[in-house]
Structure formats: C-alpha cells, structure tokens
Amino acid sequence: MTAADLVAELDELAVHFPTPAGLVRAVDGVSLAVRRGETLGLVGESGSGKSTAGLALLRLVDPTAGRVRVAGADVTGLSRRRLRGMRRHVAMVFQDPQASLDPRRTVGDSIAEPLTVHRLAGSAVARRARVAELLDLVGLRADTADRHPHELSGGQRQRVGVARALAGEPDLIVLDEPIASLDLSVQAQIMNLLRHLQSDLGLTYLFIAHDLAAVEHMSDRIAVMYLGRIVETGPPERIYRRPAHPYTAALLSAVPVADPPVERERRRTMLSGDIPSPVDPPSGCRFRTRCPQARAACAETDPALVEVGPDQHAACLFPLDGGAAEPA
Ligand SMILES: Nc1ncnc2c1ncn2[C@@H]1O[C@H](COP(=O)(O)OP(=O)(O)O)[C@@H](O)[C@H]1O
Ligand SMILES: [Mg+2]
C-alpha cells in the first residue's frame, strides 16, 4: 500500500464543537484511510460522528487536532482560497437532497456550480453540454436542467445531487446516507445507480450509513464508528461473519440474517439504551456502558485498534472469540 493508493486520509483527527452544553467531541481521534477504487462503508448509530468525519474530508469543518490528507496533500491548515482547488478532489452527496439543493436555482445551475468554481467548462455552451452529459449519466433527461428542485421527486433530486458530485470528477465521493430519506422503492434504484457509476467511472466512495445492512452489498471494507471513534475495521466477510467488537455484533443484531448462528448471537448482543453524550464520554472504552461483555478493566483502559484478523482491526480489550458466525 503506497501513498498513491490512498485517496484520502484522516490521521488522529479530532473535531470538537464548543456549545453551551459543553465541548461536543463529535470526532475524537479517528484514523481512517480510503483506498483508491474502493467503497469504504462507515457505519454507526446516529450521533457517532460519521457526518462530521465526512465533512472533515472536504474541510467543511475545521479539525481541532490531527491531520486531513487528500490526494497525497496535507490539507489540514489550508486557507480558504487554497481549499477551493482542493475541494475538487472530494465531493459529497448528502442525505437530504431537498436540503442540499438551492430551491431557487435550476437543476442545471446547481450541477454547473462546481464546473464554474473549478473552471472546468469554458463557455456557457460547453457548460450546458457537460450538464446534459452529467444528467444522462445519472439517468435524467437533458431538459431536467431547466427545472427547479421542487418540481422533482425525491429520487430525481438525489440523482441531481449525484450529478453535482460527479461534476468536478472527484477522486473521492462521500455518500452521507444517500438513500436514508428516500422511499423504499426508490432506494434500490439509487443504490444501483451508484454501483453502476462506480464500475463505469472507477469511482471511490466513502459510504456512510447508520446500519450494517445498508452497506453490506456495496462495501469492500467496513469501518464501524461509535461515539467519535473507530471501533472496528475489516473486510465485509469478517465484519458480517466474525465481528470482533461487541458493538459491531450489536449492530449486526439489527440486520436480518438467514444464518442460524448469527440468529443465535443476536439475542446475546441486542443494543440497549441510547448512545452517551459526546460532551462527556465514558472513561476507558466508550462502549462499555452498553456492552454486554464489559468487565472492570474496560472502565480503566481506552483500548487501541489492534489486529484481530486478516485486514481486520478492533478496539476492544476482550474481542469476541471467533465472532458471531464461525464457519463450520
Ligand atoms: N456543528 C455542530 N455543533 C455542535 N454539535 C454538533 C455539530 N455537528 C455535529 N454535532 C454533534 O456531534 C455529534 C456527532 O454528529 P454527526 O457527525 O452528525 O454524527 P452522525 O453523522 O454519526 O449521526 C452529535 O452529538 C451531534 O449532535
Ligand atoms: Mg450523519
């Protein structure tokens, strides 16, 4: 693995937000590398810091500590002006296309904005042609360019969000729960679109989701996040078959599976209670207050990510032995 194989990297990143209730430690020491051409699934309950980590990759939030590297360059301290050039390398598709598209602008203008910002299409004619091409890529007619977001369905709006993300030909697209606010019937269409675009255009995705089911068929690797930290990373065949972190096992218990051993494990690992406040995370292991396997030592020691299997790392003092579904 050389630096050129990594499109983006978070290195011990912290993003803290001062609020009246105290310092919100949204991201609190996350190291994560996205490899060129892969889909990295980033999974965790709502409030675990996934969106903030994604925004940090676009430098749309300011890091409190740690580094952000994009396409080999350290962008942690870049000025606003220098950032503009960098932002072409990473694009984001947001959960709610209604909120992420300017309601007063035509679809064409929204898609063309990155082209203008990054000076990618010289003339108005060239820009219009490129917008038509992008609309075609996402399965929309060229005349959609003249519409406004409110005239489109949720699925169509998200296609526009994807077209806009593609406009700058980014090295990485952060997909922040891109189907979570869509009707069930439309979700599969958007997933198919994302899959086809990836294989046709060789895209790299960071795919954010709040449950493991959403990323199972899409991800080459999975990273599980809890309360501002990565607690486990690994290839899907490990994460879904032999999770090492009790939190991963608990998330899995929410995934419908046909596998009897996993079904058995499910009863043992149901998640109870809410995620604790990121203003005052538990001492030691942050998951210990909800962990069915927690022991006294878990309150004392903050576990680091250690290798627990092939390309699999977990931050747990007492990783699950063989995971939920040891193959026979
Ligand atoms: N701009 C902000 N100001 C204050 N708190 C924030 C801000 N953005 C996110 N948070 C808080 O940080 C935590 C992580 O949020 P977020 O990154 O959105 O998590 P996720 O995407 O996993 O749901 C949450 O507790 C959230 O309320
Ligand atoms: Mg989020």
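These numbers were taken from a predicted model, which means no experiment stands behind them.
- In this structure, CD1 on Ile222 lies 11.5 Å from CD1 on Ile230, to the nearest 0.5 angstrom.
- Under the 4.0 Å criterion applied to side-chain N and carboxylate O atoms, Asp220 and Arg35 are not assigned as salt-bridge partners.
- Ser31 places no side-chain N or O within donor-acceptor distance of the main-chain N or O of Asp11, the cut-off being under 3.5 Å.
- Counting non-hydrogen atoms of neighbouring residues, nucleotides and ligands closer than 6.0 angstrom, the CZ atom of Arg69 exceeds 12 such neighbours.
- Within the 4.5 Å cutoff, side-chain heavy atoms of Leu40 are placed close to those of Leu32.
- The line from CD of Glu237 to CD of Gln312 is 9.5 Å long, rounded to the nearest 0.5 Å.
- Considering Thr106, Asp109, Leu115, Thr144 in turn, Leu115 is the only one that fulfils the side-chain contact (heavy atoms from CB on, under 4.5 Å) rule with Val131.
- Counting only N and O atoms by type, the side chains of Thr76 and Asp74 include a donor and acceptor under 3.5 Å apart.
- Considering all non-hydrogen atoms of both residues, Gly228 and Val30 come closest at O-CG2, 3.3 Å.
- A 6.0 Å sphere centred on CG of Asp274 holds no more than 12 heavy atoms belonging to other residues, nucleotides or ligands.
- The hydrophobic clustering, which links ILVMFWY residues whose side-chain heavy atoms are closer than 4.5 Å, places Leu251 and Val308 apart.
- Put simply, Val279 and Val15 are part of the same group of oily side chains (I, L, V, M, F, W, Y) that touch within less than 4.5 Å, one to the next.
- With Arg288 contributing its side chain and Ala294 its backbone, the two residues share no donor-acceptor pair below 3.5 Å.
- Side-chain contact between Ile208 and Gln95: absent, with no pair of heavy atoms (C-beta onward) separated by less than 4.5 Å.
- Residue Arg67 holds its CZ atom at 11.5 Å from CD of Glu9, rounded to the nearest 0.5 Å.
- Using a 4.5 Å cut-off between side-chain heavy atoms of Ile, Leu, Val, Met, Phe, Trp and Tyr, with links allowed through other members, Leu201 and Leu193 fall into the same hydrophobic cluster.
- Residue Arg82 places its CZ atom among 12 or fewer non-hydrogen atoms of other residues, nucleotides or ligands, all under 6.0 Å distant.
- Remark: the backbone N or O of Val107 is not paired with any side-chain donor or acceptor of Ser110 at under 3.5 angstrom.
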For side chain to side chain contact (heavy atoms under 4.5 Å, CB included), just list the numbers for Val215 and Leu42, CA-CA rounded to whole Å, side-chain angles, deciding distance to a tenth of an Å, and then say yes or no. CA-CA 8 Å; Val215 292; Leu42 181 59; over 6 Å; no

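- Distance check, rounded to the nearest 0.5 Å: OG1 of Thr204 to CG of Asp171 gives 7.0 Å.
- A heavy-atom distance below 4.5 Å is not found between the side chains of His245 and Val224.
- When every heavy atom of Arg229 is checked against every heavy atom of Gly29, the shortest pair comes out as CD-O, 3.8 Å.
- Scanning all heavy atoms of the two residues, the minimum distance from Pro18 to His16 falls at CD-O, 3.9 Å.
- Under a 3.5 Å cut-off, the side chain of Thr301 and the backbone N or O of Cys298 do not form any donor-acceptor pair.
- The closest side-chain heavy-atom distance from Pro236 to Glu216 is not below 4.5 Å.
- Rounded to the nearest 0.5 angstrom, Gln156 CD and Ile190 CD1 are separated by 9.5 Å.
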Yes or no on side chain to side chain contact (heavy atoms under 4.5 Å, CB included) for Leu120 and Arg130, after CA distance, side-chain angles and deciding distance? CA-CA 10 Å; Leu120 296 174; Arg130 177 68 176 141; over 6 Å; no

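- Among all heavy-atom pairs drawn from Pro246 and Cys316, the shortest one is CD-SG, 3.7 Å.
- Side-chain heavy atoms closer than 4.5 Å link hydrophobic residues (I, L, V, M, F, W, Y) into clusters, and following such links, possibly through other members, connects Leu83 to Leu58.
- One hydrophobic cluster, built from ILVMFWY side chains closer than 4.5 Å, cannot hold both Val27 and Leu23; they sit in different ones.
- Only one option out of Met191, Gln189, Gln158 pairs with Leu182 in a side-chain contact (heavy atoms from CB on, under 4.5 Å); it is Gln158.
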Please assess Glu45 against His210 for the test side chain to side chain contact (heavy atoms under 4.5 Å, CB included), listing each intermediate value before the final yes or no. CA-CA 5 Å; Glu45 280 165 289; His210 59 261; 6.0 Å; no

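- The shortest side-chain heavy-atom distance between Ile173 and Leu197 does not fall under the 4.5 Å cut-off.
- For Tyr226 and Arg290, the side-chain atoms include at least one donor-acceptor pair closer than 3.5 Å.
- Nearest heavy atom pair, residue Ala8 against residue Leu172, reads CB-CD2, 3.7 Å.
- Pro178 is listed as a side-chain neighbour of Phe207, based on a closest heavy-atom distance under 4.5 Å.
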Side chain to side chain contact (heavy atoms under 4.5 Å, CB included) for Val162 and Leu137? Distances and angles first, verdict last. CA-CA 9 Å; Val162 173; Leu137 270 176; over 6 Å; no

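- Judged by distance alone, with hydrogens and angles left aside, the side-chain atoms of Tyr205 form a donor-acceptor pair with the main-chain N or O of Leu194 at under 3.5 Å.
- Counting only residues at least two apart or in different chains, side-chain hydrogen bond (donor to acceptor under 3.5 Å, both in side chains) contacts with residues 48-60 comprise Ser51-Asp176, Arg59-Asp62.
- Using a 4.5 Å cut-off on side-chain heavy atoms (C-beta onward), Arg147 and Val160 make no contact.
- Of the possible donor and acceptor atoms, none in the side chain of Tyr247 sits under 3.5 Å from a partner among the backbone N and O of Gly44.
- Residues Arg157 and Ser100 have side chains that never bring a donor and an acceptor to within less than 3.5 angstrom of each other.
- Within the 4.5 Å cutoff, side-chain heavy atoms of Ile275 are placed close to those of Leu227.
- Counting only distance, with no hydrogens or angles, the side chain of Glu232 and the backbone of Ala244 share a donor-acceptor pair below 3.5 Å.
- With hydrogens and angles ignored, the 3.5 Å screen pairs a side-chain donor or acceptor of Asp211 with a backbone N or O of Ala214.
- Side-chain atoms of Thr39 and Gln198 form a donor-acceptor pair, as typed in the model, at a separation below 3.5 Å.
- Nearest heavy atom pair, residue Ala297 against residue Leu317, reads O-CD1, 3.7 Å.
- One finds a salt bridge joining Arg128 and Asp146 here, because a Lys/Arg side-chain nitrogen approaches an Asp/Glu carboxylate oxygen to under 4.0 Å.
- Rounding to the nearest 0.5 angstrom, the gap separating the CG atom in Leu320 from the CD atom in Gln293 is 5.0 Å.
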